[in-house]
2 protein chains.
Amino acid sequence: MHINAGPTLDPLPCTGARLRRLTRRTTAFYEHYLRDLDLRLTQYSLLRHLGSAPQALTELADRLEMDRTTLTRGLRPLIRQAWVEESRGSDARMRLYRLTPDGVAMRERAEVRWAEAQHALEQALGREFTDQLNQRLEEALALLKPALPENN
Amino acid sequence: MHINAGPTLDPLPCTGARLRRLTRRTTAFYEHYLRDLDLRLTQYSLLRHLGSAPQALTELADRLEMDRTTLTRGLRPLIRQAWVEESRGSDARMRLYRLTPDGVAMRERAEVRWAEAQHALEQALGREFTDQLNQRLEEALALLKPALPENN
DNA sequence: TGCTATAAAGTGCATATGCACATAAATGCC
DNA sequence: GGCATTTATGTGCATATGCACTTTATAGCA
């Protein structure tokens, strides 16, 4: 039994908190479909952004707009599963990553599940609403890029 | 120097990945303003949802729509700073949490910064766009609530 | 009164996230 | 060629996130 079981939910004046909240729920939605592949949404995203051609860590981080160090560690499970292979190029500082054949196969299996999830999401939200939401998110991403003075 | 420095960014057909991406960037935006208070956005959110009246963990988790166990650990730093106090009620299973006077003071200081951040965000995105984005996020949250069969 | 079912919470595990700091290799001058 | 600077990456630390499993306490019923 709860104490102080007040009104349902606060109006949430904070856009950031609202985003985090929706992201939590949406991630759970997708991961429900990826579950028996034992794949997280982020990991699927990595598979999707990797190819058979070796790619440098920083390059990948830029494309995904993720922190470099998050990626370093996020790639490790994929390497452990032998879906991704690390190699070195002429520049001995760089780490290059590419999908293995197993990784390509896994990505294909995952894409089926992802498509199911995406479809189900569009069903739940309505196709038009989803498009508009995607639009807004994309727009916000573009507008927010130069918004932090320190990041320039 | 990068290898395979292809086109800028993929169109991102995945709504979930887009959400995660925007959330990362937006969180960084807010946390820039909270930085010298050494407060994360999530922690600010906790302070905002706590009061002087003791609240049970599960009740708080429901209100924030966060996982109970995430909350258990998320509250610890706040307790360590003595902004939040844990207590027990008549039901010996429950943990009750409330803001200490220091916690109230901290919340007030943080609200100033939060307001600056929110205002700056609305500047960056445009006021109208922000309202519409908030609207969509709220709508999506409402629509997604019953969307996972397993969650019923 | 006991026994069972349920409810509240904690813990272990595995990622996800990003900052500050450290290291190593390549670059650019002089 | 040799040294200062820049670049690519790794590591330590502290949260954030959520699932599976465990523990403890209350509730409900025979």
Side-chain angles (χ1 to χ4, degrees), chain A residues 1-3 16-17 19-21 23-32 34-36 38-46 55-62 64-81 86 88-97 148 150-151, chain B residues 1-3 16-17 19-21 23-32 34-36 38-46 55-62 64-81 86 88-97 148 150-151:
Chain A
M1 182 143 18
H2 290 160
I3 285 186
L19 260 172
R20 291 186 74 86
R21 186 177 287 194
T23 296
R24 283 196 300 269
R25 201 177 291 170
T26 304
T27 298
F29 189 97
Y30 281 89
E31 292 189 346
H32 168 67
L34 296 171
R35 196 162 169 69
D36 65 319
D38 203 34
L39 206 62
R40 302 292 189 77
L41 179 56
T42 297
Q43 296 175 337
Y44 167 72
S45 191
L46 292 188
Q55 232 178 131
L57 178 67
T58 299
E59 154 71 6
L60 193 57
D62 287 349
L64 286 156
E65 301 185 77
M66 284 178 69
D67 187 273
R68 182 181 50 79
T69 65
T70 300
L71 212 47
T72 296
R73 291 179 257 232
L75 284 168
R76 287 214 245 268
L78 305 183
I79 294 172
R80 197 188 328 121
Q81 301 276 357
E86 188 182 300
R88 328 282 297 232
S90 53
D91 188 332
R93 292 170 302 179
M94 287 200 234
R95 255 66 167 179
L96 306 178
Y97 298 94
L148 272 183
E150 284 67 6
N151 283 358
Chain B
M1 181 149 12
H2 289 161
I3 286 184
L19 260 172
R20 291 186 75 87
R21 186 178 287 193
T23 296
R24 282 196 300 270
R25 200 177 291 168
T26 304
T27 298
F29 190 97
Y30 281 90
E31 291 188 348
H32 167 66
L34 296 171
R35 196 162 168 67
D36 65 319
D38 203 33
L39 206 62
R40 302 291 189 78
L41 180 56
T42 298
Q43 295 175 338
Y44 168 71
S45 191
L46 291 188
Q55 232 177 131
L57 178 66
T58 298
E59 155 71 8
L60 193 57
D62 287 349
L64 287 156
E65 300 185 77
M66 285 177 69
D67 187 273
R68 183 182 50 78
T69 65
T70 300
L71 212 47
T72 296
R73 290 178 257 234
L75 283 167
R76 287 214 246 267
L78 305 183
I79 293 171
R80 196 187 331 118
Q81 300 277 357
E86 189 182 299
R88 327 282 295 235
S90 53
D91 188 331
R93 291 171 302 180
M94 289 200 232
R95 255 66 168 178
L96 306 178
Y97 299 93
L148 271 183
E150 284 66 7
N151 283 357

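The CG atom of A:L39 sits 16 Å away from the C1' atom of D:dC19 (whole-angstrom rounding). The distance between atom CZ of B:R88 and atom P of C:dA8, rounded to the nearest whole Å, is 14 Å. When rounded to the nearest whole Å, the span between CG of A:L71 and C1' of D:dA8 equals 13 Å. Atoms CG (A:L34) and P (D:dG18) sit 15 Å apart, rounded to a whole Å. Put simply, CZ on B:R93 is 16 Å from P on C:dA5, counting in whole angstrom units. Put simply, CG on B:D67 is 13 Å from C1' on C:dT11, counting in whole angstrom units. Following rounding to the nearest Å, B:D91 (CG) and C:dT6 (C1') show an atom-to-atom distance of 12 Å. Atom-to-atom, CG of A:D38 to C1' of D:dA20 comes out at 13 Å; the value is rounded to the nearest Å.
Taking 3.5 Å as the limit, the base of D:dG10 and the side chain of A:R68 contain a donor-acceptor pair of atoms between them.
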For the pair B:Y97 and B:Q55, evaluate side chain to side chain donor-acceptor pair (under 3.5 Å) and give the outcome as yes or no after the intermediate values.
-> CA-CA 5 Å; B:Y97 299 93; B:Q55 232 177 131; over 6 Å; no
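Using five terminal pairs a side, the axes of the helix from C:dT1-D:dA30 to C:dC30-D:dG1 at its two ends make an angle of 0°, given in steps of 10 degrees.
Looking at B:I79 and B:E86, their side chains come closer than 4.5 Å, going by heavy atoms from C-beta outward. Residues B:R20 and A:T42 are in side-chain contact: their nearest non-hydrogen atoms beyond the backbone lie under 4.5 Å apart.
Residues passing the side-chain hydrogen bond (donor to acceptor under 3.5 Å, both in side chains) test with A:Y30, sequence neighbours excluded: A:Q118.
Here B:L75 contributes atom CG and B:L60 contributes atom CG; the two are 6.5 Å apart, rounded to the nearest 0.5 Å. With rounding to the nearest 0.5 angstrom, the CG atom of A:L78 is 7.5 Å from the CG atom of A:L39.
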Listed pairs, N/O of protein and of nucleotides 13-16 of chain D, under 3.5 Å:
| from | atom 1 | to | atom 2 | distance (Å) |
| --- | --- | --- | --- | --- |
| D:dT15 | OP2 | B:R80 | NH2 | 2.7 |
| D:dA16 | O3' | A:R20 | NH2 | 2.8 |

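The main-chain N or O of A:R40 is found under 3.5 Å from a side-chain atom of A:Q43 such that the two form a donor-acceptor pair. Remark: the backbone N or O of B:T23 is paired with a side-chain donor or acceptor of B:T27 at under 3.5 angstrom. Checking side-chain atoms of A:E31 against main-chain N and O of A:L41 turns up a donor-acceptor pair under 3.5 Å.
A residue-by-residue look at A:Y97 and A:R35 shows that A:Y97 has its nearest nucleotide of DNA chain D further toward the 5' end.
Look at A:T58 and you won't find any side-chain N or O under 4.0 angstrom from OP1 or OP2 of D:dT7. Put simply, B:R95 has no side-chain N or O that comes within less than 4.0 Å of OP1 or OP2 on C:dA8. Checking the phosphate oxygens (OP1, OP2) of C:dG10, a side-chain nitrogen or oxygen of B:T72 falls inside 4.0 Å.
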